[in-house]
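Read the structure below first, then the notes.
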Amino acid sequence: MSASSPSKLLVRGVNWLGDAVMSTPALLRLREAMPGTHITLLTRAKLADLWHAHPAIDDVFRIEPGESMWATGAKIRGGGFDCALVLPNSPRSALEVWLAGVPRRIGYTRPWRNWFLTDVIPTRPGHMKMRKRRVAEVRQLVQNAGLQPAPGLTGGAVPSAAHQMHEYLHLATTLGALGTPLAPALAVDATEVRSALSKFAIAPDRRWLGLNAGAEYGPAKRWPKDR
């Protein structure tokens, strides 16, 4: 660990399953750059088990359903963190670490939150603003797939640098991590493997392919989208 590296780093994780997977390259790069730093991930309770065995994470703090930002701030304050890296773009995520009194707070510049950050990072070159498309737009895009260019893009191709993964990697570079992409990676331990085999009556010597048709459902819909 270099002299400029934090001894205890809090990473405010994202709120959605797909985004969480896309943030794993940044977390792995942080661990690579700061092997001696204690890294804690602050995440919604619904995603906490995802990080149970991840090699980039030393500890996990959970944000319980209905928990206020003041309660979250108090929880963080007890961790003694000297730096916080805020991955989401929401005002709440920046306010949480400000309320906790974390001395250094790093995140992208966005409306209603810059005052709560000490290191306000400009929008990344290559960033593409995302929005939720209406059903009619999605159907039209499917119908025209491969036939018409997407609005504003040459030939309909999306630049590779526009991928959401690069948003998180770029933030990690502010702490000395490499911005070069890695394959997203999750980790499970032997206990979890045995539990899954038992739950679904899978023979250990057989290969199975699992598909999940929906990423999130139920209570997850209540959380505001703050990618």
Side-chain angles (χ1 to χ4, degrees), residues 9-35 37-63 83-90 93 106-108 110 121 123-133 150 153 157-193 195-197 200 207-217 220-221 223-227:
L9 172 67
L10 178 76
V11 178
R12 178 30 166 111
V14 292
N15 295 336
W16 298 87
L17 178 58
D19 291 349
V21 173
M22 288 188 285
S23 72
T24 58
L27 294 170
L28 290 168
R29 287 301 191 191
L30 285 170
R31 172 56 70 209
E32 177 184 71
M34 302 181 294
T37 295
H38 189 280
I39 301 177
T40 297
L41 186 78
L42 175 66
T43 184
R44 298 289 188 182
K46 63 179 182 176
L47 295 179
D49 288 345
L50 187 71
W51 305 105
H52 170 68
H54 201 277
I57 303 300
D58 295 301
D59 199 4
V60 176
F61 280 13
R62 299 160 58 103
I63 303 175
C83 183
L85 187 69
V86 182
L87 298 185
N89 291 325
S90 65
S93 59
I106 306 168
Y108 280 121
R110 294 293 185 270
I121 309 303
T123 298
R124 179 184 64 86
H127 168 81
M128 289 186 65
K129 186 175 181 180
M130 292 181 290
R131 64 180 178 83
K132 187 175 182 179
R133 296 186 183 273
L153 298 176
V158 178
S160 60
H163 197 282
Q164 185 70 18
M165 174 179 61
H166 293 280
E167 297 293 309
Y168 309 132
L169 280 166
H170 185 67
L171 276 181
T173 63
T174 63
L175 289 171
L178 292 175
T180 310
L182 293 170
L186 300 178
V188 294
D189 60 26
T191 301
E192 292 171 314
V193 172
S195 176
L197 292 175
F200 298 105
R207 289 189 177 185
W208 290 74
L209 173 65
L211 298 176
N212 185 358
E216 312 224 25
Y217 62 93
K221 293 181 179 178
W223 299 117
K225 192 173 182 68
D226 58 2
R227 174 177 280 133

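What you are looking at is a predicted structure, and each value in this text was computed from that prediction instead of being measured.
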Quiz item: CG/N15 to CD1/I63 distance, rounded to the nearest 0.5 angstrom?
Solution: 6.5 Å
Self-check item: salt bridge (charged side-chain N to carboxylate O under 4.0 Å, His left out) contacts touching residues 171-192 (sequence neighbours left out)
Solution: none
Self-check item: Heavy-atom check, side chain of R62 versus side chain of T43, under 4.5 Å
Solution: no
Quiz item: Would a distance-only check, ignoring hydrogens and angles, find a side-chain to backbone donor-acceptor pair under 3.5 Å from T173 to G176?
Solution: no
Exercise. Grab the two heavy atoms, one from P88 and one from G13, that are nearest each other, plus how far apart they are.
Key: CG-O, 3.3 Å
Quiz item: Is the shortest heavy-atom distance from the side chain of L30 to the side chain of L85 under 4.5 Å?
Solution: yes
Self-check item: Close side-chain approach of R12 and L87, heavy atoms under 4.5 Å
Solution: no
Quiz item: Of all residues at least two apart in sequence or in a different chain, which pass the salt bridge (Lys or Arg N to Asp or Glu O under 4.0 Å) check with D58?
Solution: R31
Exercise. Report the distance from atom CE of M34 to atom CG of L175, rounding to the nearest 0.5 Å.
Key: 5.0 Å
Quiz item: From L186 CG over to W51 CH2, what is the distance, rounded to the nearest 0.5 angstrom?
Solution: 7.0 Å
Exercise. Indicate the atoms forming the closest heavy-atom contact of A172 with A26, along with that distance.
Key: CB-O, 4.0 Å
Exercise. Taking the side chain as every heavy atom from C-beta outward, state whether T123 and R110 have any atom pair closer than 4.5 Å.
Key: yes
Quiz item: P25 and M22: which non-hydrogen atoms are nearest, and at how many Å?
Solution: CD-O, 3.3 Å
Quiz prompt | Gap between atom CE of M165 and atom CG of L182 - 0.5 Å precision | solution = 8.5 Å
Quiz item: Side chains of T40 and L9: does their closest heavy-atom pair fall under 4.5 Å?
Solution: no
Self-check item: Step-by-step side chain to side chain contact (heavy atoms under 4.5 Å, CB included) determination, V11 to I39
Solution: CA-CA 7 Å; V11 178; I39 301 177; 4.0 Å; yes
Quiz item: Below 4.5 Å, heavy atoms only, C-beta onward: do Y168 and D19 meet side chain to side chain?
Solution: yes
Quiz prompt | Closest non-hydrogen atom pair, P55 against A187 | solution = CD-CB, 4.0 Å
Exercise. May I ask you to test the W16-L47 pair for a side-chain heavy-atom distance under 4.5 Å?
Key: no
Self-check item: Approximate separation, where rounding is to 0.5 Å, of L28 CG and L169 CG
Solution: 9.5 Å
Quiz item: If every non-hydrogen atom of V60 is compared with every non-hydrogen atom of I57, which pair is closest and at what distance?
Solution: CG2-CG2, 4.0 Å
Self-check item: Between OH on residue Y108 and NE2 on residue H170, distance to nearest 0.5 Å
Solution: 4.5 Å
Quiz item: Between I121 and I106, is any pair of side-chain heavy atoms under 4.5 Å apart?
Solution: yes
